[in-house]
Amino acid sequence: AVVAVAVAGAGRECMNQPCNPCTPKITNATVIEAVPGLRATVEIIANYGTCPVTYRGYQWQVKWGDGVESLKNISALSPEQAQHTYYSPGKYNVTVGYCAVPFFCCESCTFLSKVINVNS
């Protein structure tokens with residue numbers, strides 16, 4: 001099962017600045033899957049959601065379900081891909097996030113999660 005959630009920092013104050021960011025949206029074209037060899041891959045496809053096309057300041061993140069996280073700051077919205085190698089086979093809950101981050105401690109994210117079965 002795939003679960004999508006949006007989390008926003010709207011209405012908060014951070015560093016004496018209001019936190020009211022836009023929210024990008026992860027689309028159904030996003031792929032989270034196990035691949036042979038104790039590995040997994042994600043292809044994160046997002047659209048602008050409530051963000052204007054001219055917005056700059058995004059971050060994508062992947063929690064691989066084994067305590068490891070991948071994170072990348074990017075200026076413009078774009079498809080992103082990441083791979084991960086696990087130490088052992090098993091079921092892992094992989095969560096991807098795509099966030100608008102106008103400044104430190106202010107973000108608005110959409111998350112998508114899927115349980116994958118990793119084999120050797």
Side-chain angles (χ1 to χ4, degrees):
V2 176
V3 178
V5 177
V7 176
R12 291 188 312 163
E13 289 279 332
C14 177
M15 299 172 56
N16 296 320
Q17 298 180 50
C19 180
N20 297 308
C22 59
T23 305
K25 183 179 181 216
I26 296 174
T27 72
N28 291 336
T30 294
V31 175
I32 302 171
E33 63 185 4
V35 294
L38 294 175
R39 294 177 296 143
T41 187
V42 298
E43 295 174 28
I44 307 168
I45 311 295
N47 67 30
Y48 292 100
T50 63
C51 297
V53 175
T54 57
Y55 181 82
R56 297 291 181 258
Y58 293 98
Q59 179 185 85
W60 63 263
Q61 48 194 254
V62 181
K63 294 183 180 181
W64 296 101
D66 62 352
V68 176
E69 295 182 37
S70 300
L71 180 87
K72 183 177 179 184
N73 293 313
I74 54 176
S75 63
L77 187 90
S78 63
E80 297 294 333
Q81 186 176 41
Q83 292 80 35
H84 178 64
T85 302
Y86 293 92
Y87 286 106
S88 60
K91 290 188 182 222
Y92 296 93
N93 185 23
V94 178
T95 301
V96 298
Y98 216 108
C99 308
V101 186
F103 56 88
F104 175 75
C105 80
C106 177
E107 65 182 27
S108 182
C109 305
T110 302
F111 296 95
L112 186 70
S113 295
K114 182 179 179 183
V115 175
I116 59 171
N117 191 18
V118 174
N119 296 307
S120 52

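Along the sequence shown, residues are numbered consecutively beginning with 1.
To the nearest 0.5 angstrom, W60 atom CH2 is 10.0 Å from S78 atom OG. To the nearest 0.5 Å, atoms CG (N47) and OG1 (T110) are separated by 8.5 Å. Taken to the nearest 0.5 Å, the OH atom of Y58 stands 5.0 Å off from the CG atom of L77. For the atom pair CG (N73) and CD (Q61), the distance works out to 9.5 Å, reported to the nearest 0.5 Å.
Considering only residues two or more places apart in sequence or on other chains, E69 meets the side chain to side chain contact (heavy atoms under 4.5 Å, CB included) condition with K63. In this view, S70 and W64 satisfy the side-chain hydrogen bond (donor to acceptor under 3.5 Å, both in side chains) rule, not counting sequence neighbours. For K72, the salt bridge (Lys or Arg N to Asp or Glu O under 4.0 Å) criterion is met by E80, not counting sequence neighbours.
Taking the six-membered ring for Trp and the full ring otherwise, Y55 and Y48 have centroids separated by 6.0 Å or more.
Here the shortest heavy-atom pairing between A100 and P24 reads N-CD, 3.6 Å. Between Y86 and A40, the closest heavy-atom pair is CE1-CB, 3.6 Å.
The disulfide (SG to SG under 2.5 Å) analysis of residues 55-95, with sequence neighbours excluded, yields no pairs. Every pair tested for salt bridge (Lys or Arg N to Asp or Glu O under 4.0 Å) that includes a residue from residues 50-61 fails, sequence neighbours excluded, so the list is empty. Residue pairs meeting the disulfide (SG to SG under 2.5 Å) criterion with at least one member in residues 22-93, sequence neighbours excluded, are C22-C51.
Within the 4.5 Å cutoff, the side chain of T95 has no heavy atoms near those of the L112 side chain. Residues V94 and E33 have side chains not in contact (no heavy-atom distance under 4.5 Å, counting atoms from C-beta outward). The side-chain heavy atoms of N93 and S113, taken from C-beta on, include a pair separated by under 4.5 Å. When side chains are defined from C-beta on, V31 does not count as touching V42, because their heavy atoms never get closer than 4.5 Å. Residues I32 and V96 form a side-chain contact, since some pair of their non-hydrogen atoms from C-beta on lies under 4.5 Å apart.
One hydrophobic cluster, built from ILVMFWY side chains closer than 4.5 Å, cannot hold both V68 and V35; they sit in different ones.
Within the 3.5 Å criterion, the main-chain N or O of R39 finds no donor-acceptor partner in the side chain of T85.
Residue N117 qualifies as enclosed at atom CG: its count of foreign heavy atoms under 6.0 Å is above 12.
For the side chain to side chain contact (heavy atoms under 4.5 Å, CB included) with Y98, the qualifying choice from I74, T27, I45 is I74, the only one to do so.
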(request) Show the numbers, then the answer: is there a side chain to side chain contact (heavy atoms under 4.5 Å, CB included) between L38 and S88? (result) CA-CA 7 Å; L38 294 175; S88 60; 5.6 Å; no
(request) Report the C-alpha distance between Q81 and T41 in whole Å, list the side-chain angles of each, state the deciding distance to 0.1 Å, and finish with yes or no for side chain to side chain contact (heavy atoms under 4.5 Å, CB included). (result) CA-CA 7 Å; Q81 186 176 41; T41 187; 4.0 Å; yes
